[in-house]
Asker: 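Here you go, one structure.
Worth knowing before you read on, the calculation uses all heavy atoms, side chains too, and leaves out hydrogens, waters and symmetry mates. Keep in mind it's a predicted model, so treat the numbers as computed, not measured.
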Amino acid sequence: MMVRRGLHPDVITYSALIDGYCLRGEIDEAEKVLDGMVEKELVPNIITYNSLINGYCKKKRIGKAMRLFEEIQDKGLIPDVVTYNSMLQGLFESGNPAAARELFNEMQAKGHTPTVLTYGILFHGMCKNSQTTDALALFRSLVIRVYCEEGLLVKGKELLRKMEVNGCLPNSFTYNLIVRELLKKNEPGEAEILLEEMINRGFMPDHATFENLLVRIPNVGKDSRLRTIVLKLTSVERKDGKISNITSPC
């Protein structure tokens, strides 16, 4: 109708139409709209593809969602948190918790900050896939995060040590939270100790922690432990070969 009236739909219009079809579960219709969009030589953006990926995941067509996820990166588009959230939910819903956790690791490695929704998807997905132990570890890590964000660093460190006593070793997520907070509080001595412990257990600083470390290097001496640790990071390989890890068994 728009065309008959002399109006020409743009990328926003097509993307909205695709999203509408996907929300109704009419994926085939959404694909037709995408084809028509390309025929008009309009270039789909990440919002366009996010709608399709979410639609595929909702219909449990995870294989197609994964192929599109890889395809958009080949085209030069960068997945955002919305993309990752849809993929994580789709993987958990289709019974692929290991793949979901690997994707979460990739998400963090590429510098994307998980949202509250991301953690909700993880927690619900773990519980649904009978990974209650890992879900509990994630919950405790999130409690530590809240302590750190509220400035209750002492309580965060206390909970960290209680987790160890109870046989639930800290994971990369937990270590990174506390190290970053220590650096923000200008407590490099304690941060160095925790960093060494973290590295010795096979975990690496994530993107945000590493940035916090790098800005401090010019201000420390050549023989400082912090500089030594950063140099060590370039030669340490994680035990599981990943940049970051979501949970460790309790």
Asker: How close do L52 and C22 get, counting heavy atoms only, and between which atoms?
Answerer: CA-SG, 3.9 Å
Asker: Begin with the C-alpha distance, continue with both residues' side-chain angles, and end with the deciding distance and a verdict on salt bridge (charged side-chain N to carboxylate O under 4.0 Å, His left out) for R24 and E26.
Answerer: CA-CA 5 Å; R24 293 173 57 179; E26 299 179 25; 3.0 Å; yes
Asker: Evaluate side chain to side chain contact (heavy atoms under 4.5 Å, CB included) for I78 paired with I46, printing each intermediate quantity in order.
Answerer: CA-CA 7 Å; I78 300 174; I46 192 63; over 6 Å; no
Asker: How far does CG of L183 sit from CD1 of I178, to the nearest 0.5 angstrom?
Answerer: 12.0 Å
Asker: Between N54 and N50, is there a donor-acceptor pair closer than 3.5 Å when you use the side chain of the first and the backbone of the second?
Answerer: no
Asker: Could you state whether F92 and Y119 fall into the same hydrophobic cluster, counting links through intermediate Ile, Leu, Val, Met, Phe, Trp or Tyr residues with side-chain heavy atoms under 4.5 angstrom apart?
Answerer: yes
Asker: Out of curiosity, does I121 fall in the hydrophobic cluster containing F139 (side-chain heavy atoms, cut-off under 4.5 Å, transitive links)?
Answerer: yes
Asker: What distance separates N176 CG from M204 CE, expressed to the nearest 0.5 Å?
Answerer: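 Result: 10.0 Å between the selected atoms.
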Asker: Applying a strict under-4.5 Å side-chain criterion to I, L, V, M, F, W and Y, I'd like to know whether V82 and L34 cluster together.
Answerer: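 In one cluster with V82: L34, no.
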Asker: So do the side chains of K128 and E93 get within less than 4.5 Å of each other, counting heavy atoms only?
Answerer: yes
Asker: Quick one: do E190 and K157 satisfy salt bridge (charged side-chain N to carboxylate O under 4.0 Å, His left out)? Show the steps, please.
Answerer: CA-CA 11 Å; E190 286 199 55; K157 290 191 290 185; 2.7 Å; yes
Asker: Any chance you could lay out the side chain to side chain contact (heavy atoms under 4.5 Å, CB included) test for R140 and V143, step after step, and finish with the verdict?
Answerer: CA-CA 5 Å; R140 287 171 172 166; V143 172; 5.5 Å; no
Asker: In terms of side-chain heavy atoms, does E197 have a donor or acceptor partner in Y175 at a distance below 3.5 Å?
Answerer: yes
Asker: Between I27 and E31, is any pair of side-chain heavy atoms under 4.5 Å apart?
Answerer: yes
Asker: Please report the interatomic distance CD1(I199) to CG(L194), rounded to the nearest 0.5 Å.
Answerer: 10.5 Å
Asker: Quick one, M66 with L91, criterion side chain to side chain contact (heavy atoms under 4.5 Å, CB included). Give me CA distance, side-chain angles, the key distance, then yes/no.
Answerer: CA-CA 9 Å; M66 185 61 76; L91 288 167; 4.2 Å; yes
Asker: Are more than 12 heavy atoms, taken from residues, nucleotides or ligands other than K58, located less than 6.0 Å from that residue's NZ atom?
Answerer: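 No - once you tally the heavy atoms of other residues, nucleotides and ligands closer than 6.0 Å, there are 12 at most.
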Asker: Could you report the tightest heavy-atom contact between M37 and P44, atom names first, then the distance?
Answerer: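 Looks like CE-CA, 3.5 Å.
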Asker: What are the two closest heavy atoms between Y56 and A65, and how far apart are they?
Answerer: CB-CB, 3.8 Å
Asker: Within this structure, what is the OG1-CG distance for the pair T174 and L138, rounded to the nearest 0.5 Å?
Answerer: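 Taking OG1 in T174 and CG in L138, the distance rounds to 8.5 Å.
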Asker: Hey, are E29 and K32 close enough for a salt bridge, meaning a charged N less than 4.0 Å from a carboxylate O?
Answerer: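 So E29 pairs with K32 through a salt bridge.
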Asker: Would you mind reporting whether Y49 and T83 have side-chain heavy atoms less than 4.5 Å apart?
Answerer: no
Asker: What distance separates M107 CE from L88 CG, expressed to the nearest 0.5 Å?
Answerer: 7.0 Å
Asker: Flag yes if more than 12 heavy atoms outside I12 fall under 6.0 Å of its CD1 atom; otherwise flag no.
Answerer: no
Asker: If hydrophobic clusters are built from ILVMFWY residues whose side chains come within less than 4.5 Å, do M126 and L117 share one?
Answerer: yes
Asker: Over all heavy atoms of both residues, which pair between P114 and Q108 is shortest? Give the atoms and the distance, please.
Answerer: CG-CG, 4.2 Å
Asker: Tell me the closest heavy-atom pair linking P205 and L195, and the distance in Å.
Answerer: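 Taking every non-hydrogen atom into account, CG-CD2, 4.0 Å.
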Asker: Answer with yes or no after comparing the ring centroid distance for Y84 and F69 against a 6.0 Å cut-off, counting only values under it.
Answerer: yes
Asker: Could you walk me through whether E71 and R67 pass salt bridge (charged side-chain N to carboxylate O under 4.0 Å, His left out), step by step?
Answerer: CA-CA 6 Å; E71 181 184 319; R67 285 192 293 275; over 6 Å; no
Asker: Do you reckon L68 sits in the same ILVMFWY cluster as L17, going by side-chain contacts under 4.5 Å, direct or chained?
Answerer: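 As far as the 4.5 Å side-chain criterion goes, L17 and L68 are connected within one cluster.
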Asker: Quick one: CG on N96 to CD on E102, what's the gap to the nearest 0.5 Å?
Answerer: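 N96 CG to E102 CD: 11.0 Å, rounded to 0.5 Å.
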Asker: So do F104 and T118 actually touch side chain to side chain, heavy atoms under 4.5 Å?
Answerer: yes
Asker: Hey, mind stepping through E106 and M87 against side chain to side chain contact (heavy atoms under 4.5 Å, CB included) and telling me if it holds?
Answerer: CA-CA 12 Å; E106 175 191 308; M87 287 300 306; over 6 Å; no
Asker: Which heavy atom of I72 sits nearest to which heavy atom of P79, and what is that distance?
Answerer: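 That would be CD1-CG, 4.4 Å.
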Asker: Is it the case that over 12 heavy atoms from other parts of the model lie below 6.0 angstrom from the CD1 atom of I47?
Answerer: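 Incorrect, the count does not exceed 12.
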Asker: Can you tell me if H124 uses its side chain to pair, donor with acceptor, with the backbone of Q89 under 3.5 Å?
Answerer: no
